[in-house]
2 protein chains.
Amino acid sequence: MGFTGCSCENCHNKMCSKRVPIFSAFNEDELSRVSGLIIRRQYKKGELIILEGACPESLIIINSGRVKAYRNTIEGREHILYIFSEGDFFGEKNLLLDHEATYNAEALEDTGICTINKKAFQELMREYPELSFKVMEELCSRLARLENTIESMGTKNVELRVNSVLVEFSEKYGSQHPRGILVELPMSREGIANYIGLTRETVSRKMSLLQEEGIIEMVGNKKVIILDMERLSL
Amino acid sequence: MGFTGCSCENCHNKMCSKRVPIFSAFNEDELSRVSGLIIRRQYKKGELIILEGACPESLIIINSGRVKAYRNTIEGREHILYIFSEGDFFGEKNLLLDHEATYNAEALEDTGICTINKKAFQELMREYPELSFKVMEELCSRLARLENTIESMGTKNVELRVNSVLVEFSEKYGSQHPRGILVELPMSREGIANYIGLTRETVSRKMSLLQEEGIIEMVGNKKVIILDMERLSL
DNA sequence: CGCGCAGTTGATTAGGTTCAAGGGATGTGG
DNA sequence: CCACATCCCTTGAACCTAATCAACTGCGCG
């Protein structure tokens with residue numbers, strides 16, 4: 001089911017908290033305590049974890065798998081805001097205030113999550129300021145990413161947007177390859193289009209162009225080799 | 001100089017921290033302590049407070065005035081990310097990690113700020129978890145706003161973008177008026193255009209259209225009366 | 001009162017969307 | 001292991017709309 005290591009419940013929980021950056025400063029004892037607060041849940045590919053407008057009572061941390069956070073626009077398209085993967089958390093809007101969820105969260109593949117009741121998590125943050133700091137760091141880095149996204153969406157230059165999304169994916173899903181960096185695309189052309197606010201046709205065309213220019217090479221539909229990172233991130 | 005109340009240094013500082021939402025849970029004694037950590041500074045309209053790429057050592061809180069946070073795009077345009085006003089803070093990227101500032105901050109009018117050394121602020125957050133919580137709340141609400149912005153920028157419908165920016169301004173800078181809501185626009189057409197990723201001409205045209213349709217009425221160049229909020233936020 | 005800058009308006013152009021059709025990849029069943 | 005079906009991706013052509021370029025207007029300031 002995507003889990004590594006031994007199979008006892010206890011271990012699972014510990015591993016969950018151990019893999020999570022926000023708990024990285026915790027020692028074994030503290031982690032055990034956290035484990036006690038966690039409820040685990042399993043979702044199948046395509047299942048909805050949070051529905052926009054709901055008021056979940058818990059912070060959700062991804063144990064394994066990948067989740068897309070998106071909204072449906074008035075035009076009926078789906079706009080993807082985040083792709084979360086192992087170790088990421090979401091539902092932060094509800095952490096302190098009782099806000100409604102501002103996006104849908106759907107499992108992109110079979111996904112295991114840990115939930116922590118928000119009151120309990122607040123208590124933890126009160127006790128361990130380092131935990132608050134980690135959460136803040138993550139929030140700030142999300143802000144930074146959204147700021148970048150907004151800048152590139154404000155940009156008229158569409159090529160630039162496609163390029164930057166490829167660079168972004170290469171940082172998150174890339175691995176070394178003799179001819180460059182092999183990137184496992186986390187979504188389809190349509191997904192990418194919805195992520196950067198274009199249509200799938202345009203994404204397709206721009207990527208074909210990049211291939212013609214020898215900057216990337218497509219490997220099937222789900223992979224891309226970035227041959228010339230220089231020119232891509234320029 | 002834009003300050004209200006008595007003129008002794010002490011009072012000023014207290015007022016500064018009192019007006020600031022993140023310190024709203026502090027009592028008089030705690031506020032005095034905060035005041036001791038604050039260094040005040042004054043900027044003239046048009047002056048740069050933070051330069052993108054700099055590493056300011058402090059959190060900056062606005063005491064009076066307004067500040068625009070923006071980046072220069074590759075195309076040479078200026079993209080506005082935030083308009084901060086009294087009580088807002090910025091420089092949060094540097095609060096925990098030593099990140100560079102990701103945007104320029106420029107005073108839109110004569111502006112008074114308070115700066116708190118980041119180490120000292122961290123110490124405060126460690127001692128008063130409530131302070132961390134307030135900061136997190138603010139970060140989350142910024143995330144929410146950016147998510148909205150991204151959604152509306154992903155939208156092809158340009159009218160919608162102009163409409164939502166007017167609604168946003170009405171919430172922040174609007175006041176009652178016999179015929180609707182009077183909004184003091186915080187920036188020029190060009191500013192608005194740079195805020196929502198359009199050109200000034202397009203903003204102009206769309207606003208003229210809205211006026212023709214009887215949804216808004218322009219009062220000079222810096223004010224707008226929203227006559228029909230229904231149709232605007234639809 | 002007149003100057004200058006911001007805003008408006010018009011004509012043209014460019015580029016992405018849309019609609020439509022063809023091509024590959026992936027996966028299933030025989 | 002191959003054939004087939006489906007889904008996604010790609011490519012082409014026409015259209016539409018915002019950007020651009022350019023001229024004009026008028027508000028706001030000295």
Side-chain angles (χ1 to χ4, degrees), chain A residues 45-46 68 73-80 108-109 152-166 169 183-213 216-225, chain B residues 45-46 68 73-80 108-109 152-166 169 183-213 216-225:
Chain A
K45 176 175 175 171
K68 82 171 164 192
T73 67
I74 308 168
E75 290 155 328
R77 297 160 37 126
E78 164 175 298
H79 196 105
I80 298 173
L108 279 177
E109 47 194 66
S152 82
M153 289 186 75
T155 262
K156 295 297 158 295
N157 194 334
V158 170
E159 266 113 65
L160 217 68
R161 281 201 247 173
V162 176
N163 293 6
S164 15
V165 83
L166 288 176
F169 288 158
V183 184
E184 298 252 357
L185 299 177
M187 41 191 167
S188 68
R189 296 304 127 100
E190 182 151 29
I192 296 173
N194 288 337
Y195 190 52
I196 59 181
L198 298 173
T199 58
R200 67 174 173 286
E201 291 98 328
T202 303
V203 171
S204 216
R205 280 188 250 265
K206 295 304 173 189
M207 285 181 64
S208 301
L209 251 171
L210 284 173
Q211 177 156 262
E212 271 173 43
E213 289 168 352
I216 66 171
E217 184 183 317
M218 302 191 232
V219 183
N221 282 330
K222 297 200 177 58
K223 289 178 199 167
V224 157
I225 304 173
Chain B
K45 176 176 175 172
K68 81 171 165 191
T73 67
I74 309 168
E75 290 156 326
R77 297 161 37 127
E78 162 176 300
H79 196 105
I80 298 173
L108 279 177
E109 46 195 65
S152 83
M153 290 187 74
T155 262
K156 296 294 160 297
N157 194 332
V158 170
E159 265 113 66
L160 217 69
R161 281 200 246 174
V162 176
N163 293 6
S164 16
V165 83
L166 288 176
F169 287 158
V183 184
E184 298 251 357
L185 299 176
M187 40 191 167
S188 68
R189 296 303 129 101
E190 182 151 28
I192 296 174
N194 288 337
Y195 189 52
I196 58 180
L198 298 173
T199 58
R200 68 173 172 287
E201 291 98 328
T202 302
V203 172
S204 215
R205 277 187 253 266
K206 295 303 173 190
M207 285 181 65
S208 301
L209 251 172
L210 285 173
Q211 178 157 262
E212 271 172 43
E213 289 168 353
I216 65 170
E217 184 183 317
M218 300 191 234
V219 183
N221 281 330
K222 296 200 176 57
K223 288 178 201 167
V224 157
I225 304 172

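Keep in mind that the numbers below use all heavy atoms, side chains included, and drop hydrogens, waters and symmetry copies. We name chains A, B, ... by the order of the sequence lines, and we start the count at 1 in each one.
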Worksheet item: Rounded to the nearest 0.5 Å, what separation is found between the NE2 atom of B:His79 and the CD1 atom of B:Ile74?
Response: 13.0 Å
Worksheet item: Could you give the CG-to-P distance, from A:Leu185 to D:dC9, as a whole number of Å?
Response: 10 Å
Worksheet item: So what does A:Thr202 touch, heavy atoms closer than 4.0 Å: a base, only the sugar-phosphate, or nothing?
Response: base
Practice prompt. Starting at CG of B:Leu209, measure out to CD of B:Glu159 and round the result to the nearest 0.5 Å.
Written response: 6.5 Å
Worksheet item: Within the structure shown, what part of the strands sits under 4.0 Å from A:Met218 by heavy-atom distance: base, sugar-phosphate, or nothing?
Response: sugar-phosphate
Worksheet item: Between A:Lys206 and C:dG16, is there a side-chain N or O to OP1/OP2 distance below 4.0 Å?
Response: yes
Practice prompt. Under 4.0 Å between any heavy atoms, over every strand shown, what does A:Met207 touch: base, sugar-phosphate, or nothing? Just pick one.
Written response: nothing
Worksheet item: Is any side-chain nitrogen or oxygen of B:Ser204 closer than 4.0 Å to OP1 or OP2 of C:dT9?
Response: no
Discussion item. Without decimals, in angstroms, what is the distance between A:Glu201 CD and C:dG22 P?
Written reply: 16 Å
Worksheet item: How long is the line joining CZ of B:Arg205 and C1' of C:dT12, in whole Å?
Response: 11 Å
Discussion item. To the closest 0.5 Å, what do you measure between CZ (B:Arg205) and CZ (B:Arg189)?
Written reply: 13.5 Å
Response to the item:
Separation of D:dC29 atom C1' from B:Lys222 atom NZ, nearest Å, is 10 Å
Practice prompt. For B:Lys223 and C:dA6, give me the distance from atom NZ to atom C1', rounded to whole Å.
Written response: 17 Å
Worksheet item: So which one's nearest nucleotide on DNA chain C is more toward 5', A:Val219 or A:Asn157?
Response: A:Asn157
Worksheet item: Does A:Asn157 offer a backbone N or O that forms a donor-acceptor pair with the side chain of B:Glu75 under 3.5 Å?
Response: yes
Worksheet item: Please give, in whole Å, the distance from C:dT8 C1' to B:Leu210 CG?
Response: 15 Å
Discussion item. Taking 4.0 Å as the cut-off, does a side-chain nitrogen or oxygen of B:Arg200 come that near to OP1 or OP2 on C:dT8?
Written reply: no
Discussion item. What's A:Val158 touching, base or sugar-phosphate or nothing? Going by heavy atoms closer than 4.0 Å.
Written reply: sugar-phosphate
Worksheet item: Can you check the A:Arg77 CZ to C:dT18 P distance for me, whole Å?
Response: 7 Å
Item to complete: Whole angstrom is fine here: how far is it from CG in A:Asn221 over to P in C:dG24?
Response: 12 Å
Fill in: For the student: nearest non-hydrogen atoms of A:Arg161 and A:Ile196, plus distance
NH1-O, 2.7 Å
